Amino acid sequence: MTTTSVPKTSPRTSKPVTLSPKRPRRKGSVLLTVLTAVMAIYSLFPLVWLLINSTKTQEGLFSSFGLWFDDGKFAFFSNIADTFTYNDGIFTRWLLNTLLYVVVGAGGATFLALLGGYGLAKFDFVGKKAVFAIVIGAVAVPPTALAVPTFLMFSKMGLTNTPWAVIIPSLISPFGLYLMWTFAAQAVPTEMLEAARVDGAGEFRTLFRLSVPLLMPGLITTLLFTMVATMNNYFLPLIMLKNPDWYPLTVGLNSWNAQAATAGGEAVFNLVITGSLITVVLLLAAFLSLQRYWQSGLAAGSVKE
């Protein structure tokens with residue numbers, strides 16, 4: 001008895017189903033994997049160094065290998081305690097100042113970028129192209145180039161050596177405005193806005209009830225960019241603030257680091273490293289807590305063509 005082989009067919013098309021052969025791995029994908037691994041090591045290397053050296057005492061930093069733990073003493077928890085208690089607990093004040101600058105400065109910059117970017121993307125007015133050119137030009141200007149003119153202006157207004165000298169300049173984020181502008185132009189369908197206006201919804205209600213949920217990925221991205229820029233801001237608070245009680249973490253930790261070079265100053269490099277690690281952990285916590293909002297395609301299918 002002879003048997004004949006019947007090709008497998010799909011129940012819908014009744015055509016033979018052919019299995020495609022496994023594609024060989026391309027050389028480009030291997031090179032991309034190697035480059036990604038190199039960049040990952042390059043990015044994580046400073047964090048690993050910071051974590052290892054935060055477990056050492058001041059003496060252990062110079063008596064042990066920089067990329068391994070000190071065999072003599074594990075001082076991680078004592079370093080954390082000393083960081084928060086050194087110099088009458090000034091580190092806690094610097095930490096609270098940084099949170100103030102981030103919440104008010106970066107939060108305000110994100111809110112203003114939302115309003116400006118949404119308005120530029122969804123409304124037409126005279127001079128829109130000129131505004132676009134100004135925003136692009138402002139993105140190209142480094143913040144350090146504006147620090148001295150800002151200081152001269154704020155000194156005339158009597159705002160130097162106050163928190164407003166750091167908060168007010170942080171409210172302006174040309175890159176955040178441009179990012180929200182481009183994101184709102186693609187993420188918010190114009191037909192949806194027109195339908196909301198026909199139903200009688202006002203502009204602010206349309207923005208906060210309909211558009212903001214669609215803009216959430218871009219909004220969170222802008223918030224993270226402005227938050228990192230505010231926490232890394234060093235030169236502006238350095239020239240604006242004289243009172244150490246208003247220092248952010250960047251300027252405060254650098255003042256601790258500079259103590260070793262002053263006459264009679266105490267070297268506290270272990271506390272500087274531990275304080276830097278705490279700062280990095282705060283940024284990582286912010287990224288991890290906000291990563292669930294990084295979703296794209298929220299407006300997909302909301303408008304039927």
Side-chain angles (χ1 to χ4, degrees), residues 86-117 120 127 130-180 222-266 268 271-272 275-276 278-279 282-283 286:
Y86 180 75
N87 197 8
D88 297 329
I90 191 67
F91 181 83
T92 303
R93 180 65 184 264
W94 295 340
L95 179 60
L96 294 177
N97 292 340
T98 303
L99 292 178
L100 172 66
Y101 300 148
V102 167
V103 172
V104 181
T110 304
F111 181 73
L112 293 178
L114 168 65
L115 297 180
L120 290 170
V131 174
F132 178 78
I134 293 174
V135 172
I136 295 299
V139 172
V141 177
T144 53
L146 301 175
V148 174
T150 305
F151 170 77
L152 296 176
M153 180 177 63
F154 276 54
S155 62
K156 294 291 185 180
M157 301 171 61
L159 293 177
T160 55
N161 203 28
T162 65
W164 296 111
V166 180
I167 293 175
I168 293 177
S170 301
L171 294 175
I172 308 301
S173 177
F175 178 74
L177 175 61
Y178 175 74
L179 184 62
M180 289 305 304
T222 304
L223 176 61
L224 289 175
F225 272 113
T226 55
M227 183 180 65
V228 171
T230 303
M231 293 193 69
N232 290 336
N233 195 3
Y234 171 75
F235 189 62
L236 181 65
L238 177 65
I239 66 174
M240 288 289 188
L241 303 175
K242 294 181 180 179
N243 189 357
D245 291 338
W246 290 117
Y247 282 174
L249 286 173
T250 51
V251 180
L253 291 175
N254 184 69
S255 66
W256 279 3
N257 187 57
Q259 286 182 181
T262 58
E266 182 184 5
V268 287
L271 303 187
V272 174
S276 301
I278 294 173
T279 306
L282 292 177
L283 282 175

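Note that the structure is a prediction, hence the values are computed from the model and not measured.
- In this structure Phe132 satisfies the ring-ring contact (aromatic ring centres under 6.0 Å, His included) test together with Trp181, sequence neighbours excluded.
- Residues satisfying the ring-ring contact (aromatic ring centres under 6.0 Å, His included) criterion with Phe175, sequence neighbours excluded, are Phe225.
- Contacts of Asn232 classified as side chain to side chain contact (heavy atoms under 4.5 Å, CB included), with partners at least two apart in sequence or in another chain: Val228.
- By the side chain to side chain contact (heavy atoms under 4.5 Å, CB included) test, Val148 pairs with Leu152, sequence neighbours left out.
- In this structure, the side chain to side chain contact (heavy atoms under 4.5 Å, CB included) partners of Pro142, at least two apart in sequence or on a different chain, are Thr144, Ala145.
- With sequence neighbours excluded, no residue forms a side chain to side chain donor-acceptor pair (under 3.5 Å) with Asn161.
- Every side chain to side chain contact (heavy atoms under 4.5 Å, CB included) that Ala260 has, sequence neighbours left out, goes to Ala267, Phe269.
- In summary, the side chains of Asn97 and Tyr247 do not present any donor paired with an acceptor at a separation below 3.5 Å, with no hydrogens or angles considered.
- Across every non-hydrogen atom of Ser170 and Val166, the tightest pair is OG-O, 2.7 Å.
- Among residues two or more places apart in sequence or in another chain, the side chain to side chain donor-acceptor pair (under 3.5 Å) test is passed with Tyr86 by Gln259, Glu266.
- The closest side-chain heavy-atom distance from Val141 to Pro174 is not below 4.5 Å.
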Would you be so kind as to tabulate the donor-acceptor pairs closer than 3.5 Å made by side chains of residues 98-112, with sequence neighbours excluded?
from: Thr98; atom 1: OG1; to: Trp94; atom 2: O; distance (Å): 2.9
from: Thr98; atom 1: OG1; to: Leu249; atom 2: N; distance (Å): 2.9
from: Tyr101; atom 1: OH; to: Trp246; atom 2: O; distance (Å): 2.8
from: Thr110; atom 1: OG1; to: Ala106; atom 2: O; distance (Å): 2.8
from: Thr110; atom 1: OG1; to: Thr226; atom 2: OG1; distance (Å): 3.2

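- Using a 4.5 Å heavy-atom threshold, the side chains of Val268 and Asn87 count as separate.
- Taking 4.5 Å as the limit, every side-chain heavy atom of Leu115 sits out of range of all side-chain heavy atoms of Met180.
- Listed for the Asn243 side chain is a donor-acceptor partner under 3.5 Å among the backbone atoms of Asp245.
- The ring-ring contact (aromatic ring centres under 6.0 Å, His included) analysis of residues 149-172, with sequence neighbours excluded, yields no pairs.
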